[in-house]
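Numbered from 1 within each chain, the chains take letters A, B, ... in sequence-line order. Keep in mind that what you see is a predicted model, and the values were worked out from it rather than measured.
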Amino acid sequence: MRTHHCGVLRAEDAGRSVALCGWVARRREHGEHLAFVDLRDHTGVVQCVVDGAADLRSEFVVRITGTVRERPEGTTNDQLPTGAIEVGNCSVEILNAAEPPPFPVSDRIEADESVRLRYRYVDLRRSKMQHNLRVRSKVNSAIRHAMERQGFVEIETPMLWTPTPEGAREFLVPSRLQPGRNYVLPQSPQIAKQLLMVGGFDRYFQIARCLRDEDLRADRQFEFMQLDIEAAFTTQEEIHGFIGEAVADATEAISGERPVIETLTWTEAMERFGTDKPDLRFGMELVELTPVFSATGFKAFQAACIKGIRVPGASPDYGRSKLDGLTDRAKSLGAKGLVWMRVAAGGALESPVAKFLSDDEQAALTSTMEAQPGDLLLLVADERRLVQEVLGQLRNDIGRPPVSDGPYRFAWVTEFPMFDGVDDEGHPIAAHHPFTMPHPDDLDLLETDPGKVRSQSYDLVLNGWELGSGSIRIHRSDIQARVFKALGVTDEDAEGRFGFLLGAFRYGAPPHGGFAVGLDRLVAILAGEENIREVIAFPKASSGTDPMTGAPKPVDARVLAGLGLRTLPPST
RNA sequence: GGUCCUGUGGUGCAGUUUGGAGUGCACGCCGGCCUGUCAAGCCGGAGGUCGCGGGUUCAAAUCCCGUCAGGACCGCCA
């Protein structure tokens, strides 16, 4: 049907007879004698010259045959890759007429997202979406090759899985053959892949679809894809190597540059950046100020922890209203307040609270924070974790570059705490999942001080986005029993929820561990997008609905009855 | 569950602060003219429940309340 794609033709193709297919991007008609038709396919646009009236409209689907020729002197278009040539002596075959599109198929104008999603098939014609989904395809391909090269076996796991009431809310699938009973869609292949380890596939991977029925965000959809891996007889370092190879290959395939991956501990990340997913592209690190104010008379600074961030040269940019905005933001994040200080030309600190601080304190503050005239200092005093999180968020709010700004700064964050907070009954809550191996040095703290137990779990972070997480798993039932006990999971509970897994572990489970990389997020960053919807062909809106299909929809009562279900009236 | 932003012909916006006739810009659409344009140009035209409902007012796109939709964030995401 066609001999070439539109966007690939160049001066050296002059003289070639071509047949092109695509959509009418634009047309410029000059009466009955001459018309220019810009024909678009996914490779780009080429100008076709019709001798006569074209009688075409935007987005008509056409096949154009003609001869490539260099454009006449003075009519070339430097803005266009195909701008040196045109297709002449064209004959146009309309394959399908089209109504005017609901919004222009253009990268210049971004239509409202609800309209874009409703007519996604039109939106996907835009070169940005074409590019993004092709980036995604290349990333998948690079990753698959990297894993195969490293001896990993691709194995599919079930989409109809068993409920494991723990962690993310699961999508339920009622059983027709077993009325009243349910499958769930897997929130990840976590347990399945551990069973594959017991099954002797010591290097497994899958580009896996995961489903979680939680509220959506710019970086979260119900459905998302993971590079999911698990390996037996391995170490944390080896797993980092496997994954590092895959994401570096993917990054190189898109950007041409091979990234390095740094490593820092969770504690270090929290102290320096106030988050477990630090964006290493910019400074403004959190500065420890607790010793500076250890003997202060200023009540607001008589706290367990004081830290600050220095915003270089920002003092003139932050008037009273912006500073109030920062204070409100800090309070909304849980801080009692935010202390701001401007560094004046002579180095003096200008702040509503400056008068409460001694000269020595002010001098120590200035030197500790390496404050320069014109800087803005932001300080928070409170419990350590809160101080870290508030300042970490403010650091991002103020300093974080757009996603599309380079470079790609990958980091492993290691030694996460085993537990995070406590549940209603006072039992610690697993920070990762209950099969995570504690740090070997901290095993004995399980019974005495669980809050201090570090785990052998680790996250991969890229430019402030959590790309994924993983861990070395518990493969010994004695350690698993101790962890369950710490979590307050009784033997019966454990048997009911994970019996098949624990059973499998009795039949020769190798030491193993793994990781999962969120591919939507990786692709979004590599495509320079702030929102993963931009790299997903058919995403849901943030309400969880699909503006194109109208899903989710009610179904006929008979369909429900066949599944043993009945809808209740909406609760009030 | 909560906080905030947005909603104005098909599309993108201005108008809302300080109420005064659906007032404006650009694109698109329809018709006409046009033989080298390229975001073609020129002339003419059509197209509106200012998201929806209620209230205040002589008068509401504009102020108030509610609601719906889209988005960002908090909670949530082992």
Side-chain angles (χ1 to χ4, degrees), chain A residues 25-39 45-54 57-59 69 71-80 82-83 86 88 99-119 122-123 164-170 187-188 190-191 210-222 224 325 328-329 331-334 389 393 396-397 416 418-421 423 428-436 455 457 466 469 471 483 487 489 497-498 516 518 530-531 533 540-545 547 571:
Chain A
R26 275 180 300 276
R27 74 218 126 83
R28 295 172 291 281
E29 296 187 73
H30 295 252
E32 298 177 3
H33 303 287
L34 176 68
F36 299 98
V37 176
D38 288 345
L39 187 65
V45 165
V46 68
Q47 171 168 290
C48 302
V49 185
V50 177
D51 300 311
R57 293 290 180 273
S58 288
E59 302 307 316
R69 67 189 184 204
R71 293 194 188 187
E73 188 79 29
T75 64
T76 58
N77 183 347
D78 297 340
Q79 311 293 312
L80 226 53
T82 58
E86 62 191 10
E99 292 179 20
F103 54 90
V105 180
S106 156
D107 288 316
R108 227 160 35 79
I109 296 167
E110 190 90 339
D112 186 79
E113 197 171 355
S114 59
V115 182
R116 291 177 55 208
L117 290 180
R118 181 164 170 205
Y119 302 95
V122 174
D123 191 44
T164 50
E166 176 120 4
R169 192 178 293 114
E170 295 165 322
Q187 45 178 295
S188 82
Q190 179 61 41
I191 293 175
C210 306
L211 298 108
R212 294 179 189 173
D213 188 4
E214 299 287 353
D215 287 7
L216 286 64
R217 285 281 198 287
D219 61 353
R220 277 170 21 198
Q221 284 270 307
F222 288 149
F224 57 99
D328 290 344
R329 174 73 166 151
K331 285 180 178 169
S332 76
L333 294 165
E389 287 173 355
Q393 191 60 57
N396 276 342
D397 289 351
F416 269 69
M418 185 82 183
F419 307 106
D420 186 18
D423 64 19
I429 299 167
H432 188 51
H433 57 62
F435 317 115
T436 302
S455 68
S457 68
E466 181 193 326
S469 59
S471 64
V483 169
L487 289 167
V489 177
R497 290 186 204 172
F498 314 112
E530 308 271 352
N531 194 306
R533 291 190 298 273
K540 303 285 185 290
S542 73
S543 57
T545 59
S571 53

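In the set B:rG12, B:rC30, B:rU37, B:rG12 carries the atom at the smallest distance from any side-chain atom of A:Asp112. Proximity note for A:Asn531 (side chain, C-beta onward) versus B:rG12, B:rG36, B:rA72: the nearest is B:rA72. Of the listed nucleotides (B:rU11, B:rC76, B:rA39), B:rA39 has the atom at the smallest distance from the side chain of A:Arg26. In the set B:rU37, B:rG12, B:rG75, B:rU37 carries the atom at the smallest distance from any side-chain atom of A:Gln47. Side-chain proximity of A:Thr75 to B:rA72, B:rC76, B:rG36: nearest is B:rG36. The side chain of A:Ser114 lies closest to B:rG70, out of B:rC77, B:rG36, B:rG70. Out of B:rG75, B:rC30, B:rU11, the shortest distance to the side chain of A:Arg220 is found at B:rG75.
Backbone-only contact: A:Ser543 has heavy atoms under 4.0 Å from sugar-phosphate atoms and none from a base. Within 4.0 Å (heavy atoms only), A:Gln79 reaches no atom of the nucleic acid at all. Using a 4.0 Å heavy-atom criterion, one finds that A:Arg329 contacts the sugar-phosphate atoms exclusively. No engagement by A:Arg118 is indicated, since no non-hydrogen atom pair under 4.0 Å with the nucleic acid exists. Residue A:Thr545 is in sugar-phosphate contact alone, with no base atom involved, counting any heavy-atom pair closer than 4.0 Å across all strands shown. Within 4.0 Å of A:Pro102, counting heavy atoms only, lie sugar-phosphate atoms of the nucleic acid but no base atom. Heavy atoms of A:Ala431 sit under 4.0 angstrom from primed sugar atoms or phosphate atoms, though from no base atom. Here A:Arg169 lies out of heavy-atom contact (under 4.0 Å) with every strand.
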* Check step by step if side-chain contact (heavy atoms from CB on, under 4.5 Å) holds for A:Arg26 and A:Phe36. => CA-CA 8 Å; A:Arg26 275 180 300 276; A:Phe36 299 98; over 6 Å; no
* To do: Please lay out, stage by stage, how A:Ile191 and A:Phe435 fare under the test side-chain contact (heavy atoms from CB on, under 4.5 Å).
  => CA-CA 9 Å; A:Ile191 293 175; A:Phe435 317 115; 4.2 Å; yes
* Take A:Arg220 and A:Arg212 through the side-chain contact (heavy atoms from CB on, under 4.5 Å) test and state the conclusion after the steps. => CA-CA 9 Å; A:Arg220 277 170 21 198; A:Arg212 294 179 189 173; over 6 Å; no
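Listed for the A:Arg169 side chain is a donor-acceptor partner under 3.5 Å among the backbone atoms of A:Asp213. A:Gln221 places no side-chain N or O within donor-acceptor distance of the main-chain N or O of A:Arg533, the cut-off being under 3.5 Å. In this structure, the side chain of A:Thr82 engages the main chain of A:Val45 through a donor-acceptor pair within 3.5 Å.
Salt-bridge check for A:Arg28 with A:Asp38: passed, with a basic side-chain N closer than 4.0 Å to an acidic carboxylate O.
Residue-nucleotide stacking is present for A:Phe36 and B:rU37, judged by a side-chain ring centre under 5.5 Å from the six-membered base ring centre and planes under 30° apart. By the 5.5 angstrom centroid cut-off and the 30-degree plane limit, A:His30 is classified as stacked against the base of B:rA40. Ring-base stacking between A:His33 and B:rU35 is satisfied, the centre separation being under 5.5 Å and the plane angle under 30°.
Taking atom C1' in both B:rU16 and B:rU23, one finds a spacing of 13 Å when rounded to whole Å. Using atom P as the reference point in both B:rG10 and B:rC64, the two lie 27 Å apart (nearest Å). Taking atom C1' on both B:rG71 and B:rG51, the two are 15 Å apart, rounded to the nearest angstrom. Nucleotides B:rU37 and B:rC68, compared at atom C1', are 46 Å apart to the nearest Å. Of the P atoms belonging to B:rG55 and B:rG44, the separation is 44 Å, rounded to the nearest Å. Using atom C1' as the reference point in both B:rG54 and B:rA14, the two lie 28 Å apart (nearest Å). Remark: the separation of the P atoms in B:rG70 and B:rC25 is 33 Å, to the nearest Å. Separating the P atom of B:rG53 from that of B:rC13 is a span of 24 Å, rounded to the nearest Å.
A straight line from CG of A:Asp51 to P of B:rU35 spans 13 Å, rounded to a whole angstrom. Taking atom CZ of A:Arg69 as the reference point, atom C1' of B:rU37 lies 13 Å away to the nearest angstrom. In this entry the distance linking CZ of A:Phe222 with C1' of B:rC76 reads 12 Å, nearest Å. The CD atom of A:Glu389 sits 11 Å away from the P atom of B:rC74 (whole-angstrom rounding). Summarising the geometry, the separation between CD on A:Glu110 and P on B:rC27 is reported as 20 Å, rounded to the nearest angstrom. In this entry the distance linking OH of A:Tyr119 with P of B:rG70 reads 15 Å, nearest Å. To the nearest angstrom, P of B:rC74 lies 11 Å from CG of A:Asn396. Remark: C1' of B:rG28 and CD of A:Glu59 are 12 Å apart, rounded to the nearest angstrom.
Along RNA chain B, the nucleotide nearest A:Arg71 and the nucleotide nearest A:Arg27 are compared for position; the residue whose nucleotide lies closer to the 5' end is A:Arg27. Mapping A:Pro104 and A:Glu29 onto RNA chain B by nearest heavy atom places A:Pro104 at the nucleotide closer to the 5' end.
Partner assigned to B:rU18 is none, using Watson-Crick or G-U wobble distances below 3.5 angstrom. In this structure, B:rG45 forms a base pair with B:rC29, meeting either the Watson-Crick or the G-U wobble geometry with both donor-acceptor distances under 3.5 Å. Under the Watson-Crick or G-U wobble criterion, with both distances below 3.5 Å, B:rU37 has no partner in any strand shown. With a cut-off of 3.5 Å on both pairing distances, the Watson-Crick or G-U wobble partner of B:rC63 is B:rG55. Pair assignment for B:rG24: B:rC13, on the basis of Watson-Crick or G-U wobble contacts that are both within less than 3.5 Å. Pair assignment for B:rA72 gives B:rU3, based on Watson-Crick or G-U wobble hydrogen-bonding distances that are each under 3.5 Å.
The neighbour count for A:Arg71 CZ, taken as heavy atoms of other residues, nucleotides or ligands under 6.0 Å away, is above 12.
Within the 4.5 Å cutoff, the side chain of A:Pro72 has heavy atoms near those of the A:Glu86 side chain.
For B:rG71, the base has no donor-acceptor partner in the side chain of A:Arg217 [N/O atoms by modelled type, under 3.5 angstrom].
The phosphate of B:rA40 (OP1 or OP2) has a side-chain N or O of A:Arg28 nearer than 4.0 angstrom.
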